[in-house]
Amino acid sequence: MKKDINSPPKTVASKNETYSFFEDVYDVVRQIPAGRVTTYGAIAKYLGTGSSARMVGWAMNAAHVAVPEVPAHRVINRNGMLTGKHHFATPTLMEELLNTEKIIVKNETVVEFEKLFWDPAVHLGL
DNA sequence: GCATTGACGAAGG
DNA sequence: CCCTTCGCCAATG
């Protein structure tokens with residue numbers, strides 16, 4: 001697990017922890033293959049259920065300023081809905097990015113989400 | 001330092 | 001089956 005992020009958030013959870021929860025989240029999200037999507041809960045579970053899925057979403061909020069760019073558009077909630085689209089530069093940006101990756105979005109929801117679902121716990125061999 | 005909120009999720013009514 | 005509540009954990013007011 002590499003954690004070579006250029007600008008990690010200084011405001012990390014535990015000061016004693018060498019790496020923050022954010023770095024781990026970014027690292028996982030960047031490994032999501034194009035055309036695939038995952039959920040906040042799946043990431044949280046992969047990192048250890050100790051941190052709830054909400055923290056993953058919060059990490060995504062900071063991901064906008066993370067380097068390299070984190071494909072946050074591939075991370076959606078467990079219903080396959082693009083709940084975080086309003087946090088992008090434009091409300092339609094997330095949907096457009098997914099379209100670029102051949103992902104069909106209908107009514108703020110990824111079509112055949114279950115088929116496109118990419119589980120880090122499985123793919124990364126948890 | 002306490003109260004509220006948040007890109008979630010599971011459980012209960 | 002739809003809607004409401006609670007739990008998580010950190011950030012912000």
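Per chain, numbering begins at 1; letters A, B, ... match sequence-line order.
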S.K.: Taking only residues two or more places apart in sequence, or in another chain, which ones meet A:E96 in a side chain to side chain donor-acceptor pair (under 3.5 Å)?
M.R.: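 Here the qualifying residues are A:T92.
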S.K.: A:H123: which residues meet the side chain to side chain donor-acceptor pair (under 3.5 Å) condition with it, sequence neighbours left out?
M.R.: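 Only A:W118 meet the side chain to side chain donor-acceptor pair (under 3.5 Å) criterion with A:H123.
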S.K.: Under 4.0 Å, heavy atoms only, any strand: does A:A44 hit a base, just the sugar-phosphate, or nothing?
M.R.: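 If one applies the 4.0 Å heavy-atom cut-off, A:A44 turns out to touch nothing in the nucleic acid.
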S.K.: Quick check: closest heavy atoms across A:A72 and A:V29, and the distance to 0.1 Å?
M.R.: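 For A:A72 and A:V29, the tightest heavy-atom pair comes out as N-CG1, 4.3 Å.
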S.K.: Tell me, which of residues 97-115 of chain A have any heavy atom that sits under 4.0 Å from an atom in DNA chain B?
M.R.: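 Residues of residues 97-115 of chain A that come under 4.0 Å of DNA chain B do not exist, since none gets that close.
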S.K.: What's the CE-P distance between A:M55 and B:dA7, to the nearest Å?
M.R.: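 It works out to 11 Å between those atoms.
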S.K.: Should the pair A:R74-A:E101 be classified as a salt bridge under the 4.0 Å nitrogen-to-oxygen rule?
M.R.: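 A salt bridge links A:R74 with A:E101.
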S.K.: Could I get the full list of salt bridge (charged side-chain N to carboxylate O under 4.0 Å, His left out) partners for A:K102, not counting sequence neighbours?
M.R.: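 Scan of A:K102 (salt bridge (charged side-chain N to carboxylate O under 4.0 Å, His left out), adjacent residues dropped) gives none.
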S.K.: Using atom CG of A:N61 as one end and atom C1' of C:dT12 as the other, report the distance to the nearest whole Å.
M.R.: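 Those two atoms, CG and C1', are 12 Å apart.
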S.K.: Within this structure, what is the CH2-to-P distance between A:W58 and C:dC8, rounded to whole angstrom?
M.R.: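 Computing the A:W58:CH2 to C:dC8:P distance gives 19 Å.
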S.K.: Anything under 3.5 Å between a protein N or O and an N or O of nucleotides 9-13 of chain B, put it in a table, one pair a line.
M.R.:
from	atom 1	to	atom 2	distance (Å)
B:dG9	OP1	A:G41	N	3.2
B:dG9	OP1	A:R78	N	3.2
B:dG9	OP2	A:R78	N	2.5

S.K.: Transitive ILVMFWY cluster of A:V111 at side-chain heavy atoms under 4.5 Å: who else is in it?
M.R.: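 Hydrophobic cluster check, A:V111: joined to A:I104.
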S.K.: Take the protein atom CZ of A:F22 and the nucleotide atom C1' of B:dA7, then report the distance between them rounded to whole Å.
M.R.: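 Nearest whole value for this atom pair: 13 Å.
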S.K.: If I take atom CZ in residue A:F21 and atom P in nucleotide C:dA11, what distance separates them, rounded to the nearest angstrom?
M.R.: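 After rounding, the reported distance stands at 12 Å.
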S.K.: Between C:dT5 and B:dT4, how far apart are the two P atoms, rounded to whole Å?
M.R.: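 That atom pair is separated by 16 Å.
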S.K.: Classify the nucleic acid contact of A:H64 as base, sugar-phosphate or nothing, counting any heavy atom under 4.0 Å across all strands shown.
M.R.: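 Answer is base: heavy atoms of A:H64 come under 4.0 Å of a base.
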S.K.: Using whole Å, what does the distance between atom P of nucleotide C:dA10 and atom CE of A:M60 come to?
M.R.: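 Distance, rounded to whole Å: 16 Å.
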S.K.: Can you list everything that forms a salt bridge (charged side-chain N to carboxylate O under 4.0 Å, His left out) with A:E108? Sequence neighbours excluded, please.
M.R.: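 A:E108: salt bridge (charged side-chain N to carboxylate O under 4.0 Å, His left out) contacts with A:K85.
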S.K.: Mind checking what makes side chain to side chain contact (heavy atoms under 4.5 Å, CB included) contact with A:D119, not counting sequence neighbours?
M.R.: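 Scan of A:D119 (side chain to side chain contact (heavy atoms under 4.5 Å, CB included), adjacent residues dropped) gives A:A42, A:F117, A:A121, A:V122.
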S.K.: Using whole Å, what does the distance between atom P of nucleotide B:dG6 and atom NE2 of A:H86 come to?
M.R.: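 Atom NE2 in A:H86 sits about 13 Å away from atom P in B:dG6.
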S.K.: Name the closest nucleotide to the A:S52 side chain, picking from B:dG6, B:dA7, C:dC9.
M.R.: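 Within the option list, the nearest is C:dC9.
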S.K.: Return each pair, listed once, that meets salt bridge (Lys or Arg N to Asp or Glu O under 4.0 Å) where at least one residue sits in residues 64-73 of chain A; pairs must be two or more places apart or across chains.
M.R.: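 Matches after skipping sequence neighbours: none remain.
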